[in-house]
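Heads up: the structure comes next, in structure tokens.
Hydrogens, waters and symmetry mates are skipped; everything else that's a heavy atom, side chains included, is used. Quantities reported herein were computed from a predicted structural model and do not represent experimental measurements.
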Amino acid sequence: MHVSLVCLTKPVLHGYFRSSCSWRVRIAFALKGIEYDQVPVNLIKDGGQQLTEEYTTLNPMQQVPAVEIDGTTLSQSLAVIQYIDETRPGPRLLPADPKKRAQVRMISDVIASGIQPLQNLYVIQKIGTEKVQWAQHFIDRGFKALEPILKETAGKYCVGDEISMADICLVPQVYNAVRFKVDVEQYPTIKRLNQTLVEIQAFKVSHPSCQPDTPSDLQT
């Protein structure tokens, strides 16, 4: 009974409207049709609310997201997404086929390990005046690797014709590329996939422009 009652409790997402990693989790919740509560963690206000003692108890890495779910707290967006996929009904976020599943994980890791951490807020703040050029360099470097991979794996979506964790990772990264004025036209497969995905409702409702903590001047 205790387990079932815990599972009935809505998950709580501690995140930031423009955080790629928080956005990934929001997309996954939306795709699975999971209701959840949000607790905003402003990464800029007061020097960064993620640095407070209270938040550090949730996520010792002092990063977003942190997700309270089923009586535990999880961080790292890919771990959260895979937990959601393994414990909740709804469309699969990782394919049943082992080869396709490995491809999804490969693409997700290229983005989540090889691109996004090098242009996230913490790193950019350390770079100083060259932050835009720094971000452009590492996004371009990652997209040059990602484009030929996706040419091989993509159908309608990143891996075949089913939405997966790879797509969940791609859209926030393209959003960041546009923010940092990377020329996405150089990457036609990435551009095509992103254009398809951003029209899907789960990606629209999770967009940074329409979150509880989105500043009024950025809301749409």
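Of all heavy-atom pairs spanning N59 and P65, the tightest one is ND2-O, 3.5 Å. The minimum heavy-atom distance linking P11 with F29 is given by the pair CB-CZ, 3.8 Å. Closest approach of T220 to S209, counting heavy atoms only: OG1-OG, 2.9 Å. A pairwise comparison of heavy atoms in A166 and I111 identifies O-CD1, 4.5 Å as the closest pair. Minimum heavy-atom separation, L193 to G155: CD2-O, 4.3 Å. Nearest approach of P95 to V104, heavy atoms of both residues: CD-CG2, 3.6 Å.
No path of Ile, Leu, Val, Met, Phe, Trp and Tyr side chains, each step under 4.5 Å between heavy atoms, connects I124 with V41, placing them in separate hydrophobic clusters. By the rule that hydrophobic residues join a cluster once side-chain heavy atoms approach within less than 4.5 Å of another member, W23 and Y83 end up as members of separate clusters. Residues L121 and Y16 share a single hydrophobic cluster, defined by chaining ILVMFWY side chains whose heavy atoms lie under 4.5 Å apart. In the hydrophobic clustering of ILVMFWY residues, with side-chain heavy atoms under 4.5 Å counting as a link, Y157 and V159 come out together. Note: the hydrophobic cluster containing I27 also contains V198 (ILVMFWY, side chain heavy atoms under 4.5 Å, direct or indirect links).
Not one N or O on the side chain of Q173 forms a donor-acceptor pair closer than 3.5 Å with the backbone of L170. Checked by atom type and distance alone, the side chain of S113 never pairs as donor or acceptor with a backbone atom of V110 at under 3.5 Å. Judged purely by atom type and a 3.5 angstrom limit, D46 has no side-chain atom pairing as donor or acceptor with the backbone of G48. The backbone N or O of L94 sits less than 3.5 Å from a side-chain atom of D85, completing a donor-acceptor pair. Side chain of N42 to backbone of K45: a donor-acceptor contact under 3.5 angstrom is found.
Pairs engaging residues 149-173 under the salt bridge (charged side-chain N to carboxylate O under 4.0 Å, His left out) rule: none recorded [sequence neighbours left out].
For the residue pair S206 / R26, no side-chain donor-acceptor distance below 3.5 Å is found, with atom types taken as modelled. Between the side chains of N176 and S20, at least one donor N or O sits under 3.5 Å from an acceptor N or O. A donor atom on one side chain and an acceptor atom on the other are found under 3.5 Å apart for H14 and E68. Side-chain contact check for E147 and T189: at least one donor-acceptor pair (N or O, by modelled atom type) lies under 3.5 Å. A donor-acceptor pair shorter than 3.5 Å cannot be found between the side chains of Q63 and Q50. If you check the side chains of Y175 and N194, you find no donor sitting under 3.5 Å from an acceptor.
The closest side-chain heavy-atom distance from N120 to V123 is below 4.5 Å. Counting only heavy atoms from C-beta outward, the side chains of P40 and F17 never approach each other to under 4.5 Å. Using a 4.5 Å cut-off on side-chain heavy atoms (C-beta onward), I168 and I81 make contact. Taking 4.5 Å as the limit, every side-chain heavy atom of H207 sits out of range of all side-chain heavy atoms of F203. Under the 4.5 Å side-chain criterion, counting only non-hydrogen atoms from C-beta, I69 is in contact with L74. With a 4.5 Å cut-off on side-chain heavy atoms, Y55 and V39 do not count as touching. The shortest distance between side-chain heavy atoms of K32 and L93 falls below 4.5 Å. The shortest side-chain heavy-atom distance between I107 and C169 does not fall under the 4.5 Å cut-off.
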E86/R92 under side-chain contact (heavy atoms from CB on, under 4.5 Å): CA gap, chis, key distance, verdict: CA-CA 9 Å; E86 292 166 2; R92 293 184 66 108; over 6 Å; no
Worked verdict on I34 versus R88 for side-chain contact (heavy atoms from CB on, under 4.5 Å): CA-CA 8 Å; I34 299 170; R88 300 301 193 273; 3.6 Å; yes
side-chain contact (heavy atoms from CB on, under 4.5 Å) evaluation trace for R18 with Q211: CA-CA 9 Å; R18 202 156 55 185; Q211 300 312 304; over 6 Å; no
Residue pair Q116, R24: steps toward the side-chain contact (heavy atoms from CB on, under 4.5 Å) verdict: CA-CA 12 Å; Q116 189 272 332; R24 293 173 197 154; 3.7 Å; yes
Residue pair T214, Q219: steps toward the side-chain hydrogen bond (donor to acceptor under 3.5 Å, both in side chains) verdict: CA-CA 6 Å; T214 305; Q219 292 176 1; 5.6 Å; no
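For the atom pair K131 NZ and Q125 CD, the distance stands at 8.0 Å (nearest 0.5 Å). Between the NZ atom of K100 and the CD atom of Q103 there is a distance of 8.0 Å, given to the nearest 0.5 Å. In this structure, the separation between CG on D109 and CD1 on I115 is 11.5 Å, given to the nearest 0.5 Å. Annotation: the span from K204 atom NZ to I200 atom CD1 amounts to 9.5 Å, rounded to 0.5 Å. From Q201, atom CD reaches atom CG of L31 across 11.0 Å, with rounding to the nearest 0.5 Å. From Q38, atom CD reaches atom NZ of K10 across 10.5 Å, with rounding to the nearest 0.5 Å.
Of the candidates C21, S19, S108, S77 forms a side chain to side chain contact (heavy atoms under 4.5 Å, CB included) with just one, namely C21.
No more than 12 heavy atoms of other residues, nucleotides or ligands shown are found within 6.0 angstrom of CD on Q76. More than 12 heavy atoms of other residues, nucleotides or ligands lie within 6.0 Å of CE in M106, so this atom counts as buried by the packing criterion.
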In a table with atom names and distances, give each donor-acceptor pair under 3.5 Å that connects a side chain of residues 137-146 to protein atoms at least two apart or in another chain.
from, atom 1, to, atom 2, distance (Å)
D140, OD1, Y187, OH, 2.6

